[in-house]
Amino acid sequence: MYLSRLIYASRAADGLQPHDVERILEVSRRNNSKAGVTGVLVHGGREFLQCLEGGREALNTTYARLLPDPRHAEVQLLEYREVSRRWFPDWSMQALPPGLLTRQRLLRYGEREVFAPTRLSADNAAALLEDLAAELRAGAEEREAAASPSARAVEPDPAGLLRRLRSLRPSSPPAS
Ligand code: FAD
C-alpha cells in the first residue's frame with residue numbers, strides 16, 4: 001500500500017448549516033474508518049479545507065465520491081503525494097476543534113486573517129494543516145501526561161513541601 005495524502009479546498013454550498021457539516025462528518029467517519037482513511041475537515045467562513053490520508057486506492061475512491069457532492073463546489077485539488085507518515089493518525093475524520101484557527105496562524109500562511117483556503121497556495125495550505133496537526137498532537141500529549149498516574153504522583157504536596165522547607169532552614173550559629 002502506498003500511503004498518500006490528498007488536500008483540497010472547496011466552497012460550501014449556499015445555506016449549508018452546521019447540522020449538514022455534522023452529517024458529512026458522521027458519514028465520513030463511518031466510510032473512512034472502513035477504508036483506513038484518516039484526516040481532518042476544516043470548515044470556516046464559506047469554505048472547506050480537507051486533508052485525507054490513506055492508501056492510494058482508498059483515497060482515490062473517497063475523493064471521486066465526494067467530488068460531485070452538491071454540498072460543496074469549486075473543488076480545487078491542492079496536493080496529492082505519497083507520504084511516510086500520517087498527520088492525523090487517530091482521526092477517521094474530525095472537524096477542527098474551535099479556537100485553533102487564530103488570526104496569527106491565518107496570517108502566517110495567508111494574506112488575510114479570514115479562513116479562505118481556496119485562495120491559499122498549495123504549499124501554504126499544506127503547511128497550515130501540518131501546523132494544526134502538530135498543535136493537536138501536542139494537546140493530546142499534554143492531556144495524556146496530565147491523566148497518567150506518574151504525572152499525578154509529582155503533583156505538589158503542600159504539607160510535604162513545608163516539611164522539606166523546614167528541614168532546609170539554616171541552623172542557628174553556635175553560641176560563642
Ligand atoms: P450514504 O450512507 O447514503 O450517506 C450519504 C448521506 O449523506 C445521506 O443519507 C444523506 O444524509 C447525506 N447526503 C448525501 N448527499 C446529500 C446531499 N446532497 N444533501 C444533503 N445530504 C446529503 N465522504 C466520505 O466517505 N469521506 C470523507 O472524508 C468525506 N468528506 C466530505 C467532505 C465534504 C466537504 C463533503 C461535502 C462531503 C464529504 N463526504 C465524505 C461525503 C461524500 O460526498 C458522500 O456523501 C458520502 O461519501 C456518501 O457516503 P455513502 O455512500 O456511505 O452514502
Side-chain angles (χ1 to χ4, degrees), residues 3-81 83 86-144 147:
L3 182 66
S4 307
R5 179 165 62 232
L6 187 155
I7 297 173
Y8 75 85
S10 63
R11 284 191 191 284
D14 288 343
L16 198 80
Q17 300 295 317
H19 65 83
D20 295 317
V21 179
E22 267 313 307
R23 179 71 189 139
I24 290 170
L25 287 166
E26 210 179 290
V27 171
S28 300
R29 278 195 283 271
R30 191 187 64 211
N31 290 338
N32 295 355
S33 58
K34 276 190 221 148
V37 170
T38 55
V40 70
L41 179 65
V42 189
H43 177 225
R46 304 237 33 90
E47 300 195 3
F48 287 111
L49 177 65
Q50 189 173 29
C51 172
L52 293 158
E53 316 166 307
R56 184 193 290 175
E57 279 183 44
L59 277 199
N60 277 287
T61 308
T62 305
Y63 187 60
R65 204 168 55 233
L66 66 81
L67 204 50
D69 192 315
R71 291 170 287 183
H72 66 167
E74 298 171 49
V75 181
Q76 297 176 8
L77 181 62
L78 298 177
E79 179 178 288
Y80 179 85
R81 56 181 303 204
V83 292
R86 296 177 191 244
W87 284 343
F88 303 94
D90 304 322
W91 286 13
S92 54
M93 190 49 60
Q94 296 285 338
L96 191 73
L100 292 190
L101 282 181
T102 58
R103 185 173 172 273
Q104 289 99 314
R105 181 168 272 133
L106 290 171
L107 285 173
R108 198 178 309 150
Y109 300 104
E111 289 162 11
R112 319 158 118 235
E113 56 190 72
V114 292
F115 180 65
T118 58
R119 293 172 206 213
L120 289 185
S121 72
D123 283 350
N124 279 341
L128 169 63
L129 286 163
E130 188 175 16
D131 184 8
L132 291 168
E135 172 107 13
L136 290 167
R137 228 175 7 254
E141 280 165 10
E142 254 174 48
R143 280 192 300 279
E144 230 168 73

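The closest side-chain heavy-atom distance from L66 to Q50 is below 4.5 Å. Side-chain atoms of Y80 and R56, non-hydrogen and from C-beta on, do get closer than 4.5 Å to each other. For the pair R65 and T62, the minimum side-chain heavy-atom distance is below 4.5 Å. Taking 4.5 Å as the limit, some side-chain heavy atom of V42 sits within range of a side-chain heavy atom of L129. Residues V114 and L106 form no side-chain contact, since every pair of their non-hydrogen atoms from C-beta on lies 4.5 Å or further apart. For the pair L96 and L136, the minimum side-chain heavy-atom distance is below 4.5 Å. Using a 4.5 Å heavy-atom cutoff, the side chains of L132 and W87 are not in contact. Contact of the L67 side chain with the D69 side chain is not registered, since no non-hydrogen atoms from C-beta on lie closer than 4.5 Å.
The two residues M93 and L52 come nearest to each other via the heavy atoms CE-CD2, 3.6 Å. Scanning both residues, D131 and R108, for their nearest heavy atoms gives OD2-NH1, 2.9 Å. In this structure, Y8 and S10 approach most closely via the heavy-atom pair CE1-OG, 3.7 Å. For F88 against C51, the heavy-atom pair with the smallest separation is CE1-SG, 3.9 Å.
Legend: residues meeting ring pair (Phe, Tyr, Trp, His ring centres under 6.0 Å) with Y109, ordered by chain and number and at least two apart, are absent. Under the ring pair (Phe, Tyr, Trp, His ring centres under 6.0 Å) criterion, F48 pairs with H43, not counting sequence neighbours. Residues satisfying the side-chain contact (heavy atoms from CB on, under 4.5 Å) criterion with A9, sequence neighbours excluded, are L49, L78, P117, T118.
Of the inter-residue distances, the one linking L25 atom CG with Q94 atom CD reads 7.5 Å to the nearest 0.5 angstrom.
In this structure a side-chain-to-backbone donor-acceptor pair under 3.5 Å is missing from N124 to L120. D20 places a side-chain N or O within donor-acceptor distance of the main-chain N or O of Q17, the cut-off being under 3.5 Å. Listed for the R105 side chain is a donor-acceptor partner under 3.5 Å among the backbone atoms of L100.
Defined by atom type and a distance below 3.5 Å, a donor-acceptor pair is missing between the side-chain atoms of R29 and S92. Side-chain contact annotation: T38 with E53, donor-acceptor N/O pair under 3.5 Å present.
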- Task: Please lay out, stage by stage, how R23 and V21 fare under the test side-chain contact (heavy atoms from CB on, under 4.5 Å).
- Result: CA-CA 5 Å; R23 179 71 189 139; V21 179; over 6 Å; no
- Task: Run the numbers on L3 and R86 for side-chain contact (heavy atoms from CB on, under 4.5 Å), then give the verdict.
- Result: CA-CA 8 Å; L3 182 66; R86 296 177 191 244; 3.8 Å; yes
- Give the C-alpha distance, both sets of side-chain angles, the deciding distance and a yes or no for side-chain contact (heavy atoms from CB on, under 4.5 Å) between R46 and R11. CA-CA 6 Å; R46 304 237 33 90; R11 284 191 191 284; 5.8 Å; no
